[in-house]
Number of protein chains: 2
Amino acid sequence: MTELEQQIKTYFGVLRPDELQTIGNLFKPYSLKKGDYLLQEGRRCDKMSFIQSGLLRVYALADGKEITQWISTPGYFVTDLAGFMLESPSRWTIQALTDAEVSAISRENYKTLTELVPRWNELEKLFIVKCFTIMEDRIFSHLSKTAEERYQFFFDNHREFFNQVPLQYIASMLGMTAETFSRVRKKQLP
Amino acid sequence: MTELEQQIKTYFGVLRPDELQTIGNLFKPYSLKKGDYLLQEGRRCDKMSFIQSGLLRVYALADGKEITQWISTPGYFVTDLAGFMLESPSRWTIQALTDAEVSAISRENYKTLTELVPRWNELEKLFIVKCFTIMEDRIFSHLSKTAEERYQFFFDNHREFFNQVPLQYIASMLGMTAETFSRVRKKQLP
DNA sequence: ATGATTTCTTGATATTTGTCAAGAGCGGGG
DNA sequence: CCCCGCTCTTGACAAATATCAAGAAATCAT
């Protein structure tokens, strides 16, 4: 089983080996150089990408500032979910922070999954609902936690980010400045 | 066409009259008194409710404080989406702020929709993705806006809330205290 | 390695927001 | 109509966070 098939299984639940292979074969590999854009705000989002290696930053502009919505790491999917599913203009820009290898499925191929895999509709629904709950949790953390608590919670649950990802972007996605992040970090670490 | 059918159409896209009626008939009306719980944190969420009249508050506890996630108003659906779809314990408590009339569909009946309405899977998916994007937008507003800007944006887009809903709950769902809300409001209104 | 970038940290200070406490306004029930 | 409880407002102050500016540390290309 390839890494991609393994990950599809993780995301979409138990599938038969032949189904996994069918899905996996619809993904086409390609490379990104550091600084390349996988997607730009306002453009159509025609694919969903699985990250083999490298880091991708999902962000948008607000008052001229880049607000990082998320950093995507190897083993995960990245796309503008709404743009991909609804064919609406993308609200996010996705840029490679490092050289990256990804595998992408086009919308046309994605649509065929409903016929190729009988349970696809159900699996897809569960996937999207899980994405929804992640967002719900993030909002709740903004409604109920201070910057320091958000930092601590993120650190406890995503320690892997702290070695790989430029800290300024983590700060932005947690809703604080790089300076505040740095100070909170100093307080918590020793 | 009943109000419920009209609203189903708004949420789930164009449906034939007979399909609308089929769906509408699966909803059973019931009443809530002010203070009644439609759902409690940690419990199973076995239904999705459409609000005919009244106000419902969706909240959860954090450090002993009630954090309001949303206020649901007539013409909209209310449920714990993740709990309903994934059969996981509810993360929210839903309580009637006023006497209320709602119509609810049980999970069992909801599951039959896939067979009763051919396009249901697609319509449902679009619905959930829209819910997801609303959450995405809310997070982005927390990452990029001040309390005052969040207030202003919400006021511009949901003026109807300001006549109906106790302001303290709007404050909480915008992520600020009632006092800050009051001061921001004073500044913006004249 | 060396210098040039970029990222991170630190300090001083300003601004925003929260907390606590008190009072004003308002609506419902007797 | 008046009292009671609840909500909203206001003020004084404290705490959290942002901003600006400078310097330290890490990273990268040569």
Side-chain angles (χ1 to χ4, degrees), chain A residues 32-36 54-57 59 62-68 71 95-100 139-155 159 161-190, chain B residues 33-35 54-55 57 59 62-68 71 95-99 139-155 159 161-190:
Chain A
L32 293 167
K33 287 277 169 218
K34 177 176 176 174
D36 283 355
L55 294 173
L56 300 175
R57 180 167 70 108
Y59 68 93
D63 300 323
K65 282 186 186 171
E66 292 180 353
I67 306 292
T68 299
I71 306 287
Q95 187 181 30
L97 286 178
T98 64
D99 291 356
I139 289 173
F140 194 71
S141 86
H142 277 277
L143 299 184
S144 62
K145 288 184 167 74
T146 64
E148 193 168 332
E149 290 167 332
R150 291 199 302 278
Y151 169 90
Q152 193 59 54
F153 186 82
F154 190 80
F155 182 80
R159 196 156 305 168
F161 270 63
F162 288 70
N163 310 319
Q164 307 178 270
V165 179
L167 300 179
Q168 56 182 315
Y169 301 131
I170 304 181
S172 178
M173 69 191 249
L174 292 177
M176 66 189 83
T177 61
E179 294 94 329
T180 295
F181 184 92
S182 175
R183 292 185 176 108
V184 164
R185 184 170 180 246
K186 191 182 177 187
K187 229 196 283 189
Q188 302 293 123
L189 265 186
Chain B
K33 288 278 169 214
K34 178 176 176 175
L55 295 173
R57 182 167 71 106
Y59 69 92
D63 300 323
K65 282 186 186 169
E66 292 180 353
I67 306 292
T68 299
I71 306 287
Q95 186 179 31
L97 286 178
T98 64
D99 290 357
I139 289 173
F140 194 71
S141 86
H142 278 277
L143 299 183
S144 64
K145 289 184 167 73
T146 64
E148 190 166 334
E149 290 166 332
R150 290 198 303 278
Y151 169 90
Q152 193 60 54
F153 187 82
F154 189 80
F155 182 80
R159 197 156 305 168
F161 271 64
F162 287 70
N163 309 319
Q164 307 179 269
V165 180
L167 300 178
Q168 55 181 315
Y169 300 132
I170 302 180
S172 179
M173 69 191 249
L174 291 177
M176 67 188 83
T177 61
E179 293 94 331
T180 296
F181 185 92
S182 174
R183 293 188 175 105
V184 164
R185 185 167 178 245
K186 190 181 177 187
K187 227 197 285 189
Q188 301 294 123
L189 265 185

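All figures in this text were calculated on a predicted structure; none of them were measured in a lab. In the text below, chain A, chain B and the rest are named by the order of the sequence lines, each starting its count at 1.
With rounding to whole Å, Y151(A) atom OH is found 13 Å from dC8(C) atom C1'. For the pair M176(B) CE and dT16(C) C1', the interatomic distance rounds to 12 Å; values are reported in whole Å. The interatomic distance linking L97(A) (CG) with dT6(C) (P) rounds to 14 Å, in whole Å. Computed from coordinates, the R57(A) CZ to dT6(C) C1' distance equals 14 Å when rounded to whole Å. Rounded to whole Å, atom P of dC6(D) lies 14 Å from atom CD of E66(B). Atom CZ of R185(A) is separated from atom C1' of dT7(C) by 11 Å (rounded to the nearest Å). Summarising the geometry, the separation between NZ on K187(A) and C1' on dT10(C) is reported as 15 Å, rounded to the nearest angstrom. To the nearest angstrom, C1' of dG18(C) lies 13 Å from CZ of R150(B).
At distances below 3.5 Å, at least one donor-acceptor pair connects side-chain atoms of T98(A) with backbone N or O atoms of L55(A). Panel note: side chain D99(A), backbone K33(A); no donor-acceptor pair is recorded below 3.5 Å.
Distance from the side chain of L167(B) is smallest to dC8(D) among dC8(D), dT7(C), dT17(D). Among the nucleotides dC8(C), dG18(C), dT10(C), the one closest to the side chain of K186(A) is dT10(C). For T146(A), whose side chain is taken as the heavy atoms from C-beta onward, the closest listed nucleotide among dT7(D), dT17(D), dT7(C) is dT17(D).
Put simply, the side chain of F161(B) reaches to within 4.5 Å of the side chain of M173(B), judged on heavy atoms. F154(B) is listed as a side-chain neighbour of F162(B), based on a closest heavy-atom distance under 4.5 Å. Residues K145(A) and F153(A) have side chains in contact (heavy-atom distance under 4.5 Å, counting atoms from C-beta outward). The side-chain heavy atoms of Q152(A) and V184(A), taken from C-beta on, include no pair separated by under 4.5 Å. At a threshold of 4.5 Å between non-hydrogen side-chain atoms, the residues Q164(B) and I71(B) do not count as touching. Annotation: side chain of E179(A) is in contact with side chain of T177(A) (closest heavy-atom distance under 4.5 Å).
Looking at heavy-atom distances under 4.0 Å, K145(B) makes no contact with the nucleic acid at all.
Distances shown here put a side-chain N or O of S182(B) below 4.0 Å from the OP1 or OP2 atom of dT9(D). When the side-chain nitrogen and oxygen atoms of K65(B) are compared with OP1 and OP2 of dT19(C), one or more of them lie within a distance under 4.0 Å.
E66(B) pairs in a side chain to side chain donor-acceptor pair (under 3.5 Å) with only one of the listed residues (Q95(B), Q168(B), R57(B)), which is R57(B).
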List every contact pair, protein side and nucleotides 24-30 of chain D side both N or O, where the distance is under 3.5 Å.
none

Enumerate all atom pairs, one protein N or O and one N or O from nucleotides 20-25 of chain C, separated by less than 3.5 Å.
{"from": "dC20(C)", "atom 1": "N4", "to": "E179(B)", "atom 2": "OE2", "distance (Å)": "3.2"}

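Residue V165(B) is the one, among T177(A) and V165(B), whose nearest nucleotide of DNA chain D lies closer to the 5' end (criterion: closest heavy atom).
For the atom pair R150(A) CZ and M176(A) CE, the distance stands at 5.0 Å (nearest 0.5 Å).
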